[in-house]
Amino acid sequence: MSSAEEFEARLRDLLGALDLPAKIRLLTGADAWALPAEPAIGLRRLVMTDGPAGARGSHFDERDPSAHTPNPTALAASWDRELVRRIGLLLAAETRAKGAQVLLAPTINLHRSPLGGRHFECFAEDPLLTAEIGLAYVRGVQQGGVAACAKHFVANDSEDQRFTLSVEVAERALRELYLAPFETLVRAGGVEVVMAAYNAVRGSTMTEHRGLQVGVLKEEWGFTGPIVSDWTAARSTAPSANGGLDLVMPGPDGPWGEKLEAAVRAGEVPEVEIDDKVLRLLRLAAATGVLDGFPAPEPEAAYPVGSPAQTELLREAAARGMVLLRNENLLPLAPDTRIALIGPNAANTATRGGGSADLSPRREVSFAAGLGLPATEGVRPGGRQPLIDLADCVDPVTGEPGFQVEYRDADGGLLGSEHRATARLAWLGLPEEQWRRDDLRVVMRTSYRPRVAGTHTFGVTGLGPTSLTVHGQRVIEPVTSGWHSLVDSFDNITEQLGTVVLSDVDTPVELVVEHRPIAAKHGYLRCGITHRAPGRDAEEELAEAVRQAEAAEVAVVVVGTNADLESESHDRTTLALPPGQDELVRRVAAANPRTVVVVNAGSPVLMPWAEEVAAVLYAWFPGQEAGHALADVLYGRAEPGGRLPTTFPRTAEQAPVLDTTPADGVLRYDEGILIGYRAYDQHRLDPAFCFGHGLGYTTWDYRSAESPTGVSAATLHAGQPIPVRVTLTNTGTRPGREVVQVYLGRHASRYQRPPRVLAGFAVVDAEPGETVEVEIPLAPRAFCVYDEQRRDWLPEHGSYLAEIGRSSRDLPLTAVVTVH
Ligand code: BGC
């Protein structure tokens, strides 16, 4: 018996020790994040944690914070596989420290429409770039001894009506675009878990989709791990069990359990299906070290939690993702430049997007803090007000910064209390047992010291009616807000505002937030308090920004979105920056021609002023080291390493795919294979910034490219990459980093083909004057078409043009490859 056979035989023995109820019990979560233990076979709890930008653990708690990476689009913008693998190792260390075995990441859906709410959480618009960066991410996480989870399978590329919409997509587009990254992560990456999406594809909801889950993922690609439902995505018993879903999350309630047992006994679900699910779970348990008798993984130990190595990597990654879109001889700045730092996101930097990518970060260095400069807002940030500043809040019981939080019953009886150093409370399924009740009331108290006299605006947010009393005066009445599903409501909390005049600076007033959580019984709670101090009126604020810009050598204006605007369960409604920000940029640029605009957003925004300013740097949501990374790039201590992983339209109308609203529950992918740059090239559209674009601080000469002239179709069909050698010279005066991109096109084809598709890429570094040679393997699939009739990938015979350069629209070298 081979060791693999022996491994499987041992798992079968364990399976044989369980009766039907015991088997079925293992397939639904014990709580929000863990699968149940089964001591009879030595199985311990298997714990999962979100998500792509950090391992947040089972709590949303400042007492157990997390390292916080740049958003996934920013990681992909590095085009740097090794960097992303190292980020994966860092995330694995964090996941292990949270006591979890599975990291619910990466998200490998595609940038189909720039309005997609989780665009910031997906890597790219191109399936090859998504697959390559996803592969590096999965390798890092799994080398770190943690199972990665590729999500959300499949066609969950937008958020509106995500529980119910059905995607209508042709087979070729599904295969070549949306399934392709999953295929790579399964076949080449050995990803250990896959998550089934909320949406349906061609009328069958994904958790029940036997054709895709069993036919494609398990049988065709050979996936041997479990498919876990997205949280609350499983809504049926027999259809989901027969459709290939293996695990239902969260628990302990859900559509399986006793109902599934009855369905098996009634012959609606064959018991072999249950056995297959348990075996998949046991494989995962064995691989992640929670099954007795199987060796625990030996993780590549790197980036220990909270270590300087971790901080350095997060800073490096943020800088490597930043994309310098435009630079008219302004950057990098000399160290002693007199800078006016302006803009709503300068001090209120958005380091991450919302939804399951949200977490409680170990630290957050704002742009203002990283640059060591005071900031003038110019205009207010979009979305909700910022959380109240804890430095002005004192817990009346402990005297520490923060709140005294009381948990009470309906009659006001005290169930418990604690000090919290946060203005936002959240439970995601794991509350203290004694507070888990229908009639729970949460009271947050603090003694607030106003720094300025005048009209203060306070806000409360809550998953349930929430009120605010300031100094005995009711400032915000509780409101019952619209209720969607739990998962959607958690990420979509509205803010109620109220104002109060506080005339005595530095004289503390008592703030009391009273919250009636509507889902505490199930372990979900969310409430918080926001604040805005009195300030200048809008015109004066803008005028002050202009004055600052005029008086400085360089104006740095930071505009952007934030986690309120880019999050789960809703798509964006506009590509425009929040109100007033375009005007701010224009006024500052008119006042100072040496203006750098830094855009702090997870997805593309419109930049109608882009050609009126000297420099534009896209910083994305840069994670906890945002400010340090920005300083590194602006002062030239780091190369802006990023290249766009997605095309930036000039106007909303120009985007080839924009609207994400389903019509009668159906979202049609009528554009077929033409998304992103494929569509811009095909329709000869001139985007604001093309796919692959990004400047560095040096210049390059692309000298030559060599490829094998002839390649056999059999080689391609067997999945062998085709090497292209590219020689280039750093012709500038600084060391530099370049992302060399190879696109493949074919004119005479019997299939529809976009003018070019990304076929390979590599990152090179060179000293001034240095010539480097790099070998870039071209993906065999770039030569193939998924033939819908023959249901296979077919390499087409004939010649292909490889175009090589620094973006999809700047391709100085070519080579011809002929397939015979
Ligand atoms: C998201 C998943 C996430 C899960 C658990 C869902 O709402 O779609 O990406 O992993 O919640 O938080």
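Computation of the quantities below employed the complete heavy-atom set of this structure, encompassing side-chain atoms and omitting hydrogens, waters and symmetry-equivalent molecules.
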Notebook entry, point to check: Are Leu617 and Leu634 side-chain neighbours, meaning at least one heavy-atom pair lies under 4.5 Å?
Noted result: yes
Next item on the list: Mind checking the CD-CG spacing from Gln624 to Leu314? Nearest 0.5 Å is all I need.
Entry: 4.5 Å
Note to self: If the condition is salt bridge (charged side-chain N to carboxylate O under 4.0 Å, His left out), which residues does Glu94 pass it with, not counting sequence neighbours?
What the structure shows: Arg362
Item checked: Pairwise distance OG1(Thr530) to CG(Leu497) - rounded to 0.5 angstrom -> 6.0 Å
Note to self: Under a 3.5 Å distance rule, please check whether Thr337 uses its side chain to pair with a backbone N or O of Ile339 as donor and acceptor.
What the structure shows: no
Margin query: For Thr107 versus Glu121, what's the shortest heavy-atom pair and its separation?
Written below: OG1-OE2, 2.8 Å
Checklist line | Shortest non-hydrogen contact between Tyr524 and Pro250, atoms and distance | finding: OH-CG, 3.9 Å
Check: Looking only at atom types and distance, does a side-chain atom of Thr73 sit under 3.5 Å from a main-chain N or O of Phe120, one as donor and one as acceptor?
Finding: yes
Notebook entry, point to check: Hey, does the side chain of Trp435 reach the backbone of Leu440 with a donor-acceptor pair shorter than 3.5 angstrom?
Noted result: no
Quick one: side chains of residues 369-383, donor-acceptor pairs under 3.5 Å with protein atoms, not counting sequence neighbours, listed by atom name and distance.
from: Glu377; atom 1: OE1; to: Arg532; atom 2: NH1; distance (Å): 3.4
from: Glu377; atom 1: OE1; to: Arg532; atom 2: NH2; distance (Å): 3.2
from: Glu377; atom 1: OE2; to: Arg532; atom 2: NH2; distance (Å): 3.1

Check: Does any pair with a residue in residues 362-400 pass ring-ring contact (aromatic ring centres under 6.0 Å, His included), and if so which ones, sequence neighbours excluded?
Finding: none
Margin query: Please give me the minimum heavy-atom distance between Val305 and Ala97, naming the atom from each residue.
Written below: CG2-CB, 3.5 Å
Check: Which pairs pass salt bridge (charged side-chain N to carboxylate O under 4.0 Å, His left out) with one or both residues in residues 448-468, sequence neighbours excluded?
Finding: Asp392-Arg451, Arg449-Asp506
Item checked: Val557, Val605, Val323, Val558 screened by side chain to side chain contact (heavy atoms under 4.5 Å, CB included) with Val599, the one that passes -> Val605
Note to self: Could you work out, with salt bridge (charged side-chain N to carboxylate O under 4.0 Å, His left out) as the rule, every residue matching Asp230, not counting sequence neighbours?
What the structure shows: none
Check: Mind checking whether Thr499 and Val475 have side chains closer than 4.5 Å, heavy atoms only?
Finding: no
Item checked: Residues in salt bridge (charged side-chain N to carboxylate O under 4.0 Å, His left out) contact with Asp389, at least two apart in sequence or another chain -> none
Checklist line | Any residue meeting ring-ring contact (aromatic ring centres under 6.0 Å, His included) with Trp427, in chain and number order, not counting sequence neighbours | finding: none
Checklist line | Validation row: Arg572, Pro604 side chains within 4.5 angstrom (heavy atoms) | finding: yes
Checklist line | Among Ser603, Ser567, Ser569, Ser356, side-chain hydrogen bond (donor to acceptor under 3.5 Å, both in side chains) partner for Arg118 | finding: Ser356
Check: Stepwise, does the side-chain contact (heavy atoms from CB on, under 4.5 Å) test hold for Ile476 with Val513?
Finding: CA-CA 9 Å; Ile476 301 173; Val513 177; over 6 Å; no
Margin query: Taking Gln310's backbone N and O only, do any of them form a donor-acceptor pair with Ser307's side chain (distance below 3.5 Å, no angle check)?
Written below: yes
Next item on the list: Start with the C-alpha distance between Arg424 and Cys527, add both sets of side-chain angles, then the distance that settles side-chain contact (heavy atoms from CB on, under 4.5 Å), and finish with yes or no.
Entry: CA-CA 6 Å; Arg424 173 183 82 167; Cys527 71; over 6 Å; no
Next item on the list: List for me each residue that meets ring-ring contact (aromatic ring centres under 6.0 Å, His included) alongside Tyr448, sequence neighbours excluded, and say none if there are none.
Entry: Phe458, His531
Next item on the list: Please name all residues satisfying side chain to side chain donor-acceptor pair (under 3.5 Å) with His515, sequence neighbours left out, ordered by chain then number.
Entry: Thr466
Next item on the list: With sequence neighbours excluded, tell me which residues meet ring-ring contact (aromatic ring centres under 6.0 Å, His included) with Tyr198.
Entry: Phe163
Check: Hey, mind stepping through Thr351 and His68 against side-chain hydrogen bond (donor to acceptor under 3.5 Å, both in side chains) and telling me if it holds?
Finding: CA-CA 8 Å; Thr351 60; His68 166 22; 2.8 Å; yes
Margin query: Is the positively charged end of Arg526 above the ring of Phe60, judged by distance under 6.0 angstrom from the centroid and angle within 45° of the axis?
Written below: yes
Margin query: Using the rule given for side-chain contact (heavy atoms from CB on, under 4.5 Å), can you reason through Arg586 versus Leu584, listing the C-alpha separation, both sets of side-chain angles and the distance that settles it, and then say yes or no?
Written below: CA-CA 5 Å; Arg586 287 205 155 109; Leu584 173 69; over 6 Å; no
Check: Trp620 side chain to Ala77 main-chain N or O, any donor-acceptor pair under 3.5 Å?
Finding: no
Item checked: Donor-acceptor contact below 3.5 Å, side chain Thr461 vs main chain Gly528 -> yes
Item checked: Pairwise side-chain contact, Pro534 with Val452, heavy-atom cut-off 4.5 Å (strictly under) -> yes
Next item on the list: Test Val443 against Val405 for side-chain contact (heavy atoms from CB on, under 4.5 Å), laying out the working first.
Entry: CA-CA 6 Å; Val443 183; Val405 179; over 6 Å; no
Note to self: Tell me which pairs pass side-chain hydrogen bond (donor to acceptor under 3.5 Å, both in side chains) where either residue lies in residues 405-416, with sequence neighbours left out.
What the structure shows: Glu406-Arg408, Glu406-Arg445, Tyr407-Glu418
Margin query: Working note: Asp395 + Thr398, criterion side-chain hydrogen bond (donor to acceptor under 3.5 Å, both in side chains); need CA distance, chi angles, decisive distance, verdict.
Written below: CA-CA 6 Å; Asp395 177 337; Thr398 66; 3.3 Å; yes
Next item on the list: Return the minimal non-hydrogen interatomic distance between Ala591 and Glu550, and the atom names on each side.
Entry: CB-CG, 3.7 Å
Next item on the list: For Asp571, check salt bridge (charged side-chain N to carboxylate O under 4.0 Å, His left out) against everything at least two apart and list the hits.
Entry: none
Margin query: If I take atom CG from residue Leu359 and atom NZ from residue Lys98, how far apart are they, to the nearest 0.5 angstrom?
Written below: 8.5 Å
Note to self: Could you check whether atom CZ of Arg516 has more than 12 heavy atoms from other residues, nucleotides or ligands sitting under 6.0 Å from it?
What the structure shows: no
Notebook entry, point to check: For Ile518, which of Leu525, Asp438, Leu463 qualifies under side chain to side chain contact (heavy atoms under 4.5 Å, CB included)?
Noted result: Leu463
Item checked: Closest heavy-atom pair and its distance - Glu553, Asp336 -> OE2-O, 4.1 Å
